[in-house]
Colleague: 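Take a look at this one; I'll ask things after.
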Amino acid sequence: MSAPAPSTLAIVDAEPLPRQEEVLTDAALAFVAELHRQFTPRRNELLTRRGERRAEIARTSTLDFLPETAAVRADDSWKVAPAPAALNDRRVEITGPTDRKMTINALNSGAKVWLADFEDASAPTWENVVLGQLNLTDAYERRIDFTDPKSGKSYALKSADELATVVMRPRGWHLEERHLQLDGVSVPGAMVDFGLYFFHNAQRLIDLGKGPYFYLPKTESHLEARLWNDIFVFAQDYVGIPQGTVRATVLIETITAAYEMEEILYELRDHAAGLNAGRWDYLFSIVKNFRDGGAKFVLPDRNAVTMTAPFMRAYTELLVRTCHKRGAHAIGGMAAFIPSRRDAEVNKVAFEKVKADKDREANDGFDGSWVAHPDLVPIALASFDAVLGEKPNQKDRLREDVSVAPGDLIAIDSLDASPTYDGLRNAVAVGIRYIEAWLRGLGAVAIFNLMEDAATAEISRSQIWQWINADVVFENGEHATADLARKVAAEELAAIREEIGEETFTAGKWQQAHDLLLQVSLDQDYADFLTLPAYEQLR
């Protein structure tokens with residue numbers, strides 16, 4: 001008697017989308033279903049392990065390099081695989097969601113790499129998930145164009161040799177995709193994003209002289225990197241391409257991952273392309289993990305925590321040293337400024353800050369860095385050109401002068417700054433504005449001349465939560481309390497209503513955003529990710 005045919009993926013509670021049949025083919029869905037069957041149980045175990053590790057941090061208020069992996073760190077003989085030609089020069093990378101206009105602008109931007117984002121810069125509506133995939137395939141097939149309905153301006157791709165190399169970022173392990181289910185169980189969003197992209201584009205990218213390249217977000221341990229590596233091995237065999245074709249850059253944007261950088265590269269070594277230093281998620285992770293660690297872990301206003309803070313320097317210097325020791329690229333942080341079309345003076349000051357930031361990264365040994373807007377590409381390019389010249393990277397700078405002790409990475413109290421009342425107001429203002437846009441399906445949002453994504457909202461609500469629970473007293477004498485946060489949020493909501501007018505306010509999701517921000521900022525039971533309760537409201 002033959003075995004029963006395996007269950008197939010069901011598309012649940014989703015309105016049909018134009019051309020969705022090109023993405024949601026039977027063969028592609030069968031591949032995603034197989035990823036789900038093979039790897040979701042391990043993913044679930046790793047999520048449980050995150051909770052156990054967090055409980056241990058709550059008990060000890062410390063972290064250390066892992067004793068059980070000391071041999072990996074001590075073994076100087078291993079290196080990651082050499083970079084493919086398309087990823088050897090990464091001196092400037094632009095980030096953004098995969099809507100049609102952004103796809104064209106990012107590929108045309110002059111950056112070496114485009115981080116095509118299905119994660120923090122994309123609200124995971126079904127439309128964004130499916131049509132984002134379609135836009136990337138259309139770009140590779142050179143059948144993408146866009147005309148702005150407001151301005152009438154048309155956008156088209158430049159010649160192939162002028163386009164950025166795409167490194168795609170799927171969702172983090174914690175997120176589900178409720179519209180795709182197998183036997184009533186939602187498939188992890190990471191497997192949906194990775195699976196559809198890889199299945200449709202792996203061979204297509206090889207034919208273009210590139211490959212399926214990925215950014216891996218929210219990684220918390222080397223065991224999570226091992227899971228990704230096993231997925232890559234399985235996927236390459238499944239579609240019949242050589243092992244090692246996939247390349248992955250891991251975002252070191254959690255405090256636990258900062259203690260496992262070498263181990264993460266080791267687990268992915270045949271598929272590793274580098275590590276990236278992300279700022280807002282990293283700070284969010286520090287607050288989340290050490291939220292009950294007392295006053296010494298209280299962060300000041302987010303804008304006061306620059307990359308020159310001692311504990312941030314320790315993190316970035318260790319990242320460069322680790323990457324170069326193992327032959328991997330070290331990619332720096334985000335310049336999030338959005339140039340103003342009206343205020344030249346604002347631009348001048350901001351451009352100088354961006355230049356100083358990128359000069360510092362290039363001089364510290366980073367091989368490249370991120371920007372959020374095409375106008376920043378030339379500034380970052382000039383900083384790295386000045387250091388690299390004709391060289392594609394500076395992996396030969398081993399930074400053997402760097403020595404980071406375990407305590408250096410969590411020496412939050414080494415920063416001479418305190419939370420302020422204006423910092424609270426800013427966290428509330430940015431949080432409400434971002435969440436409102438996210439609930440309307442927008443993940444990358446310009447707020448106060450900065451391009452903000454979900455990590456911004458996470459650090460905003462986490463700081464409100466931390467300051468209240470640590471009973472912070474602001475410089476004006478006011479205590480951080482739930483009542484004060486409610487008062488500031490009500491004032492902010494009233495100001496927005498007045499600013500945009502009653503009709504626009506009512507048409508938006510402002511009250512919903514206000515309520516959700518307060519929920520995740522004030523609940524005693526701290527939500528691991530804002531996007532989990534927010535996804536329940538995303539329609």
Side-chain angles (χ1 to χ4, degrees), residues 89-97 102 105-117 119-121 164 167 169 215 217 249 251-253 274-284 301-309 312-313 315-316 319-320 329-341 343-388 393 426 430 434 443-457 459:
D89 188 335
R90 304 177 62 173
R91 65 187 72 198
V92 182
E93 305 192 351
I94 193 166
T95 72
M102 180 69 198
N105 282 346
L107 289 170
N108 287 345
S109 66
K112 297 290 186 182
V113 165
W114 170 36
L115 186 159
D117 202 4
E119 200 232 0
D120 272 4
V167 180
R169 179 162 71 167
Y215 258 112
T249 305
L251 294 116
I252 302 298
E253 55 186 354
L275 304 177
N276 166 273
R279 181 157 144 213
W280 297 140
D281 260 320
Y282 189 72
L283 295 176
F284 155 54
D301 303 359
R302 71 167 179 140
N303 292 326
V305 188
T306 66
M307 298 308 275
T308 59
M312 297 299 278
R313 286 290 289 164
Y315 151 61
T316 56
L319 188 144
V320 172
H329 280 71
I331 307 299
M334 169 70 83
F337 177 67
I338 303 299
S340 168
R341 300 294 180 227
D343 196 329
E345 189 54 37
V346 165
N347 289 349
K348 181 173 180 288
V349 172
F351 286 162
E352 286 171 359
K353 286 183 179 176
V354 171
K355 181 183 183 304
D357 191 47
K358 299 310 170 192
D359 284 351
R360 175 189 52 76
E361 287 182 327
N363 286 309
D364 279 351
F366 280 98
D367 303 294
S369 189
W370 283 8
V371 299
H373 192 279
D375 287 2
L376 303 184
V377 170
I379 298 172
L381 208 51
S383 294
F384 280 89
D385 286 350
V387 170
L388 296 177
N393 55 63
N426 183 259
V430 171
Y434 181 81
V445 188
I447 303 173
F448 307 144
N449 284 112
L450 292 175
M451 184 59 77
E452 308 286 22
D453 68 9
T456 306
I459 186 62

Colleague: Can a salt bridge be assigned to the pair Asp385 and Arg91 using a cut-off of 4.0 Å between side-chain N and carboxylate O?
Modeller: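 So Asp385 pairs with Arg91 through a salt bridge.
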Colleague: Just by modelled atom types, is the Asp359 backbone N or O under 3.5 Å from a matching donor or acceptor in the Asn363 side chain?
Modeller: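 Side chain of Asn363 to backbone of Asp359: a pair is present.
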Colleague: Within the distance-only criterion (no hydrogens, no angle test), does the side chain of Ser109 pair as donor or acceptor with the backbone N or O of Pro374 below 3.5 angstrom?
Modeller: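 Checking the backbone N and O of Pro374 against the side chain of Ser109, no donor-acceptor pair under 3.5 Å is found.
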Colleague: Is it the case that the side chain of Glu93 and the backbone of Leu115 share a donor-acceptor pair, with hydrogens and angles ignored and the cut-off at 3.5 Å?
Modeller: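 It does not hold such a pair.
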Colleague: Does the pair Lys355 and Glu352 meet the rule for a salt bridge (Lys or Arg N to Asp or Glu O under 4.0 Å), with working shown?
Modeller: CA-CA 5 Å; Lys355 181 183 183 304; Glu352 286 171 359; over 6 Å; no
Colleague: Output, in order, the C-alpha distance, side-chain angles, deciding distance and verdict of side chain to side chain contact (heavy atoms under 4.5 Å, CB included) for Glu253 and Phe284.
Modeller: CA-CA 9 Å; Glu253 55 186 354; Phe284 155 54; over 6 Å; no
Colleague: If the plane angle is over 60° it's perpendicular, under 30° parallel, otherwise tilted; pick one for Phe351 and Phe337.
Modeller: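 Rings of Phe351 and Phe337: perpendicular, as their planes differ by over 60°.
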Colleague: Any non-hydrogen side-chain atom of Tyr215 less than 4.5 Å from a side-chain atom of Leu251?
Modeller: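 Yes; the side chains approach each other to less than 4.5 Å.
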Colleague: Can you find a side-chain donor-acceptor pair between Asp117 and Thr95 that sits under 3.5 Å?
Modeller: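 Per modelled atom types, Asp117 and Thr95 side chains form no pair under 3.5 Å.
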Colleague: So, does Asn449 use its side chain to make a donor-acceptor pair with the main chain of Ile338 at under 3.5 Å?
Modeller: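 Answer holds: yes.
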Colleague: Determine yes or no for a side-chain-to-main-chain donor-acceptor pair under 3.5 angstrom, with Tyr315 supplying the side chain and Ile252 the backbone.
Modeller: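 Looks like yes, one N/O pair under 3.5 Å.
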Colleague: Does Val305 offer a backbone N or O that forms a donor-acceptor pair with the side chain of Arg279 under 3.5 Å?
Modeller: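 Side chain of Arg279 to backbone of Val305: a pair is present.
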Colleague: Does Arg360 come within less than 4.0 Å of Asp364, counting only side-chain N to carboxylate O?
Modeller: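 Here Arg360 pairs with Asp364 in a salt bridge, since their nearest N and O are under 4.0 Å apart.
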Colleague: Look at the side chain of Tyr434 and the backbone N and O of Ala444, then say whether any donor-acceptor pair between them is shorter than 3.5 Å.
Modeller: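 Such a contact is absent between Tyr434 side chain and Ala444 backbone.
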Colleague: Does Asp375 have any salt bridge (Lys or Arg N to Asp or Glu O under 4.0 Å) partners at least two apart in sequence or in another chain, and if so, which?
Modeller: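 Salt bridge (Lys or Arg N to Asp or Glu O under 4.0 Å) list for Asp375, sorted by chain: Arg341.
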Colleague: Where the side chain of Asp301 meets the backbone of Ala304, is there a donor-acceptor pair that is under 3.5 Å apart?
Modeller: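 Side chain of Asp301 to backbone of Ala304: no pair is present.
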Colleague: Are the charged groups of Asp120 and Arg169 less than 4.0 angstrom apart, N to O?
Modeller: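 Between Arg169 and Asp120 there is no salt bridge, as every charged N stays at least 4.0 Å from the carboxylate O atoms.
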Colleague: Donor-acceptor pair, distance only, cut-off 3.5 Å: does the side chain of Asp453 make one with the backbone of Ala455?
Modeller: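 Judged by distance alone, yes, a pair lies under 3.5 Å.
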